[in-house]
Amino acid sequence: MGLGADQFLQSSLIHMYSSFGGMGSAKVLFDEMPERNVVVWTALVNGYSKLGELEMARRLFDEMPEKDVIAWSAMVSGYVQEERFKEGLSIFNEMQVEGVTANESVLVSVLSACSHLGALDLGRWVHLYVERRFGHELSVNLGTALVDMYAKCGVLSASLQVFQGLPCKNVLSWNAMMGGFALYGHGRGALGLFSNMLRMGLRPDEVTFLGLLGAFSHGGMVNEGRIYFEGMTKIFSISPRLQHYACMVDILARAGLLEEATELIQSMPIEPDACVWGALVAGCRVHGNVALGTSIGEKLLEFEPGCAGRYVLLSNIYALAGRWDDARHVRVLMKEKGVDTRPGWSSIEVDGLVHEFVVGDKRHPYTGEIYRKLEEMGMRLAMAGYNVDTKNVLYDMDEEDKEVQLSYHSEKLAIAFGLIFTDSGTPIRVVKNLRVCSDCHLATKMLSKIYAREIIVRDSKRFHHFTDGQERRESPSVIRQLATLMEGLKKGVTHQMDLHDGPPNETIHASVFHSLADPTSNLNVPPSLETVWMRLSFDGVCSCSASNVRAEKG
DNA sequence: TGGATTTAGT
C-alpha cells in the first residue's frame, strides 16, 4: 500500500522517534494516521522492542493486519536482543507456520539465539536451509553467525570450516572465530588468528582483544597476555575496559602472580568492578591466599552495597575460609536489601526443543522420570567411588543436605534428561549460564565413563568436554584443522603480499609489538616488512594494500 | 522510496 506525501512524512517521523526511543511521540503520530502500512507498523514495533518493551511490541505486532518478513525479523531480533532466546525462536517458528520465507536478517537473529542456547540441531538446520536457499557462497553476516553458532554449540571444527570458506570476512567474523578459540582455551590458535587478521589488513577492536586475552587466560599464557595487553593501548589505541582488566587480572592471578595482579588493579584509571576483583579473588582461592581474598571482599561491600556480585563474592570468600556464620550473614544481608542475583540455569536441546532447568526444578512434565534417573546416577556414581565435593555449597548446612542440594544442580537435571531422551552413544550437550561448580565437574567427568557418553558442558566462560571419564582439552581433529587453516592463510597471504620470509612465531610477533611501542628500542630481530606494514596500517592507513607495502619497500 | 541483521557484555 503506497502512502500519500503527508503520510510518508509521518511515517518517516515515526521511524525517527522510534529510533531515538521517543515512543510517546511516535505513538501519538501513529494513532493520528488515517491509514497505516506495514512499514509504519514495523517502525513502531521495532521502536518498542529496541527499548526492551517487548510486551508492548508484541501486542502491536499481533494487531498488525499484515506482516511481512521484515516485521517478523524485527520481532525475532527484539527477543534475541533482550536475551529472550526461546521466545525469539518460537516467533520464528510461528513465522514458518505462516509460510513466510526467511531471509538473511531473520536467520542471523535465529542463529544468534541458537548460539546462546547451545541449540546445535536447530543451528545445523539453519545452515542447511541457508545452503539450499543462498548456495554455498555465504554472505559475511550469515557466515559470521554460523561461525559463532558452531563455536558456541561445541563444534569448533565446523566453526573453523565455515570460517575458512567465507569469501568475505569482516572484523566481526574474525572476532567470532577468536571468541571460539577463547572458549576452548586455544591460546596459540588465537595468536595465529590475530596475526593473520592483521595481515589481511583488518584493525582489531576491543572485542578482538577480549577474545585474545580470554584465550591466553584459559591457555595459561602469561607473557603473551602481558605483551598484548600492553600493545592494545600502545599500538592500537584501544583503552582497556573493565572486561579487559578482568581478563588480565585473571591471567596473572591464575598463575599465582597475585601481587602483580593487585598492582594492575591499583593502577587502573577506571573503577574496578566485581569481575575484576573476582578474578583476583579466584586466584587467591586457587593459591590459598584467604587473607587477601577476605580483605578485598569486605572493602568491596562497603563501597557498593547495592551490587549483587559483591555480596556473592564476599560470601564465597567467607565460605572458603570456613567462616560459615559470616557467609550466611552476607547472604541474609543481600536478601534484606532486596539485591537480585542471577539464577543459575542449564539447558539441553532434544529434537529441536530446548529444555531449561534451575536447581531443584520440578516444573518439567517429565519430572518423575528425571528424578528417578538422578537417583540412579547418584547410585552408580557412588559405586564408582565418587565422593560428593560439598565445598561448593556455601551455607553450613548438614553434609547430607549439601549432598542433596548438589545432586539437584541444574546441570545434573539437564544431564539426567539427556540420558533419558537421547539415543545411547550420542553426545549430550548442556549449556549453563554460570560456571560449573567443581562437584558437577567431577560428577560429569565420571558420568561420561559410567554411561559411555560424550558430555559437553558449555558454561559462562568455556567448554568442558568429557569422554570416557576424562576432560578432553583439545580435540585432535580441531588441532589438525587449525594447523591447516593457519598454513593456508599464511601461504595465501605471504604469496600475495610478499610480507614475510619465514613462518611467523610468537617471538617475532612480540618484537613487532615492542618495536611499535617504542620505535627507538634496539631489537634483537631487525624490523621486518611486517613491521613496516603494521606501522603503515596503524598510522591510519588501514586499507593499505600490498602495492603500498611494495612501494614502501622499493 | 521507507521498516529488520551478527561478535563481547553492561
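The sequence lines fix the lettering, A, B, ..., with proteins before strands; numbering per chain opens at 1. No hydrogens, no waters, no symmetry mates; every other heavy atom, side chains included, goes into these values.
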>> With a cut-off of less than 4.0 Å, is there a side-chain N or O of Q81(A) near OP1 or OP2 of dT6(B)?
In response: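 Indeed, a polar side-chain atom of Q81(A) lies that close.
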>> Does a side-chain N or O of K461(A) approach OP1 or OP2 of dA8(B) to a distance below 4.0 Å, or not?
In response: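 No.
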Which parts of [range] get close to DNA chain B, meaning a heavy atom less than 4.0 angstrom away?
range: residues 18-27 of chain A; answer: none
range: residues 137-152 of chain A; answer: N141(A), T144(A), D148(A), K152(A)
range: residues 83-106 of chain A; answer: N103(A), E104(A), S105(A)

> What do you reckon, is CZ of F20(A) surrounded by more than 12 foreign heavy atoms closer than 6.0 Å?
Replying inline: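 No.
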Taking only the side-chain heavy atoms of [X] (C-beta and beyond), determine which of [options] contains the nearest atom.
X: V108(A); options: dT6(B), dG9(B), dT7(B); answer: dT6(B)
X: L172(A); options: dA8(B), dA4(B), dT6(B); answer: dT6(B)
X: V207(A); options: dG3(B), dA8(B), dG9(B); answer: dA8(B)

>> Applying a 4.0 Å non-hydrogen cut-off, can you work out what H116(A) is touching in the nucleic acid: base, sugar-phosphate, or nothing?
In response: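 Sugar-phosphate, no base atom in range.
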>> Once you apply a heavy-atom cut-off of 4.0 Å, does S77(A) come out as touching a base, just sugar-phosphate, or nothing?
In response: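 Since only primed, P, OP1 and OP2 atoms lie under 4.0 Å of S77(A), the category is sugar-phosphate.
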> Got a second to check how far L111(A)'s CG is from L142(A)'s CG, nearest 0.5 Å?
Replying inline: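 Going from the CG atom of L111(A) to the CG atom of L142(A) covers 6.5 Å.
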> Do side-chain atoms of R429(A) reach the backbone of C153(A) as a donor and acceptor pair under 3.5 angstrom?
Replying inline: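 Yes; at least one donor-acceptor contact below 3.5 Å.
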>> My understanding is that only one of Y228(A), F229(A), F236(A) makes a ring-ring contact (aromatic ring centres under 6.0 Å, His included) with F209(A); could you say which?
In response: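 Option passing the ring-ring contact (aromatic ring centres under 6.0 Å, His included) with F209(A): F236(A).
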>> Before you tell me yes or no, could you show the steps for W41(A) and F30(A) under ring-ring contact (aromatic ring centres under 6.0 Å, His included), namely the whole-Å CA-CA distance, both residues' side-chain angles and the distance that decides it to 0.1 Å?
In response: CA-CA 8 Å; W41(A) 278 96; F30(A) 179 84; 5.0 Å; yes
